[in-house]
Novice: 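Can you read through this structure? Questions will come right after.
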Amino acid sequence: MMSTIVAALLFAFIGGVLAQRPNIVFIVADDLGWNDVGFRNRDMLTPNMDKMARDGVILDRNYVQPLCSPSRSAFMSAVFPFKSGLQHQVIGAKQSVCLPLNYTILPQELKKLGYATHMVGKWHLGFCEWGCTPTYRGFDTFFGYYNALEDYYLHNISGFLDFRNNKEAEWDYQGTYSAWVFTEKIVDVINTHDKSQPLFLYLPFQNVHAPTEVPKIYEDRFPHVVNKGRRVFSGMVNALDEAIGNVTDALKERRLYDNTLFLLTADNGGQIFNYGNNWPLRGGKHSLWEGGTRVTAFMSGAGLQKTGYTYDGMIHAVDWLPTLVSAAGGTPVTDRDGINQWDSIRNGLPSKRTEFIYNLDYLVIPTEGQAGIRMGNYKLLLGYPGQQDGWHRPMNNTEDDIYEKIIYDLDPDKVQLFDVIADPTERHDLSSQLPDVVAKLKFRLLEYRKQMVPPNYPDADPQSNPRKYGNAWTPGWCKL
Ligand SMILES: *[C@@H]1O[C@H](CO)[C@@H](O)[C@H](O)[C@H]1NC(C)=O
Ligand SMILES: *[C@@H]1O[C@H](CO)[C@@H](O)[C@H](O)[C@H]1NC(C)=O
Ligand SMILES: *[C@@H]1O[C@H](CO)[C@@H](O)[C@H](O)[C@H]1NC(C)=O
Ligand SMILES: *[C@@H]1O[C@H](CO)[C@@H](O)[C@H](O)[C@H]1NC(C)=O
């Protein structure tokens, strides 16, 4: 009798604990600029994102790496790319490289907590060996692509298919816009989800990365934007927003929504060449300027205690793994660079982070290497901050050619210091005024540099040739 009661209580208790684990939806908006969302720019049409951001927490000082693979590696592993060899450029389709296999990554950590884990969208963390790919690294299912820059309708890159349903090459969606395919697949996952388990969805959409492509119905929603490229781009952002709306609707229909925590972040700043916009921040994608690294992000939904505000604490891409594991009720790993910011964000308390490395990438060509550190209010940049400098307003009503406005400063010996709290748009280099601060930050940066591993950036491997695998980019040509 007694044992039955104890068992019943225990069951109820465990049931209660399990019920609290929120579903987690982690959305990555590829190349979405600071000024490309409706809650910052009234010319954009993002009602779903605006509502989530305004009802949740806008993350105002959310930092990422200046490029795709490095940021995604940080999201998944909580390790700074300069320690995993991924600090230089992105992983090329023909390179025998992937996010080092010795890290347990976010979906693996959530699986340990009982989550069903699904990924729909862009991986870009290496695929040369099957062990590198999503379903071998903690995802129950994967629908999406391995590389970047592919066509939104044909799902090919460099002339070969890069579209996959779990392990199988997927040829069935030739001609269908990726945001439509992905949304259909995500809704399928939601509709077939076994509700006895909490759900983790990792949704790194293709929108709004180049090429600039969108079905006309989305473009037509921006008749006031005269500039063709910016008009199509605005449509791409709107398609992303619609996709997010459809995903939330599906969650609502299955009564999963109220217990779901959403995180949306861009992976880097807007690509100015491709009509993205980071105004008033300086620079864009590829650069260590704030426009390349301080990006649009918000959290919304289950577990947040304080909502409807803008959080100004410092957050870095490496923080998401411990933060989400904590939100899921787990105990985050502490042997990584990421800091658990869950209590800070959900209660509006000060950030636990006071510094981070923007990047440490000294390659053979000094003008390609980038180095920058943030400590407190100060940011030090050594050498070339990267392509895409300057301050650019959205090209909504002109046919201007933006290319001529982008300045490159290739001086590898240059030292620059900014107070990014007082001067968030980086207009006043303080390096000559504050030599002691420069010395302090430089010393700290050089300390970090001792932990740097050389960039893993090998030459193309001819074994990668998709012709060997039925004209699709396919794993199985390396052993890491
Ligand atoms: C994992 O691999 C990376 C890259 O090879 C290496 O720098 C790092 O020290 C390794 N980490 C652990 C925890 O083994
Ligand atoms: C995709 O395939 C089409 C048809 O073969 C080709 O014209 C196009 O250039 C390819 N695009 C990419 C990005 O590979
Ligand atoms: C969202 O759902 C509507 C209604 O079913 C559909 O017309 C639209 O294409 C969907 N949008 C996306 C991006 O999938
Ligand atoms: C376009 O951008 C300018 C700033 O360059 C802004 O003032 C204006 O409101 C925007 N919208 C339209 C429709 O022109």
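First listed ligand is number 1; within each ligand, the first listed atom is number 1. Numbers for residues simply follow the sequence, beginning at 1.
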Novice: Any ion pair linking Arg231 and Glu219 (charged N to carboxylate O, less than 4.0 Å)?
Specialist: yes
Novice: Assess the cysteine pair Cys128 / Cys478: is their SG-SG separation shorter than 2.5 Å?
Specialist: yes
Novice: Are Lys352 and Asp319 close enough for a salt bridge, meaning some N to O gap below 4.0 Å?
Specialist: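 Looking at Lys352 and Asp319, the cut-off is not met.
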Novice: What atoms of ligand 1 come within less than 4.0 Å of a heavy atom belonging to Tyr103?
Specialist: 1 (C), 3 (C), 8 (C), 11 (N)
Novice: For ligand 3, which atoms, with element, lie under 4.0 Å from some heavy atom of Ala243?
Specialist: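 Answer for ligand 3: 13 (C).
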Novice: Considering only non-hydrogen protein atoms, determine which one is nearest to atom 8 (C) of ligand 3 and report residue, atom name and distance to 0.1 Å.
Specialist: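 Here the closest protein heavy atom is Glu242 OE1, 3.3 Å.
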Novice: Please verify the inter-ring angle class for Phe80 with Phe82; under 30° counts as parallel, over 60° as perpendicular, anything in between as tilted.
Specialist: parallel
Novice: For Gly159, take its heavy atoms, then give the atoms of ligand 2 lying under 4.0 Å from any of them.
Specialist: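 With Gly159 as reference, the close atoms of ligand 2 come out as 12 (C), 14 (O).
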Novice: Tell me: protein heavy atom nearest atom 6 (C) of ligand 2, and distance?
Specialist: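 That would be Asn156 ND2, 4.2 Å.
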Novice: Taking the basic N atoms (NZ, or NE/NH1/NH2) and the acidic carboxylate oxygens, is any pair closer than 4.0 Å for Glu242 and Arg221?
Specialist: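 Yes, Glu242 and Arg221 are salt-bridged.
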Novice: Please indicate, with yes or no, if any protein heavy atom is found under 4.0 Å from atom 14 (O) of ligand 1?
Specialist: yes
Novice: Numbering the atoms of ligand 2 from 1, which are under 4.0 Å from a heavy atom of Ile157?
Specialist: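 Per the distance check, 14 (O).
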Novice: Any idea which atoms of ligand 2 are less than 4.0 Å away from a heavy-atom of Ser158?
Specialist: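 What qualifies from ligand 2 is 14 (O).
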Novice: Protein non-hydrogen atoms only, distance under 4.0 Å: does atom 1 (C) of ligand 3 have such a neighbour?
Specialist: yes
Novice: Thinking salt bridges, do Arg72 and Asp30 make one under a 4.0 Å N-O criterion?
Specialist: yes
Novice: Show your working on side chain to side chain contact (heavy atoms under 4.5 Å, CB included) between Val295 and Asn62 and close with a plain yes or no.
Specialist: CA-CA 6 Å; Val295 298; Asn62 173 66; 3.5 Å; yes
Novice: Does any N or O of ligand 1 fall below 3.5 Å from an N or O anywhere on Asn102, backbone included?
Specialist: yes
Novice: Does a side-chain N-to-carboxylate-O contact under 4.0 Å join Lys122 and Glu150?
Specialist: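 So Lys122 does not pair with Glu150 through a salt bridge.
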Novice: Which residue owns the protein heavy atom closest to atom 5 (O) of ligand 3, what's the atom, and how far is it?
Specialist: Asn246 ND2, 4.8 Å
Novice: At a 4.0 Å threshold, what atoms of ligand 1 neighbour a non-hydrogen atom of Val453?
Specialist: 7 (O)
Novice: From the options Phe163, Tyr152, Phe142, select the one residue that forms a ring pair (Phe, Tyr, Trp, His ring centres under 6.0 Å) with Phe182.
Specialist: Phe163
Novice: Should Asn465 and Trp473 be marked as a side chain to side chain contact (heavy atoms under 4.5 Å, CB included) after you check the CA-CA gap, both sets of side-chain angles, and the distance that decides it?
Specialist: CA-CA 8 Å; Asn465 191 345; Trp473 293 99; over 6 Å; no
Novice: Which atoms of ligand 2 sit under 4.0 Å from any heavy atom of Leu154?
Specialist: 1 (C), 2 (O), 3 (C)
Novice: Checking a contact table here: which protein heavy atom is nearest atom 4 (C) of ligand 1, and how many Å away?
Specialist: Pro100 CG, 3.9 Å
Novice: Considering Lys83, Gln451, Met452, Arg336 one by one, which has a heavy atom nearer to atom 7 (O) of ligand 1 than any of the others?
Specialist: Lys83
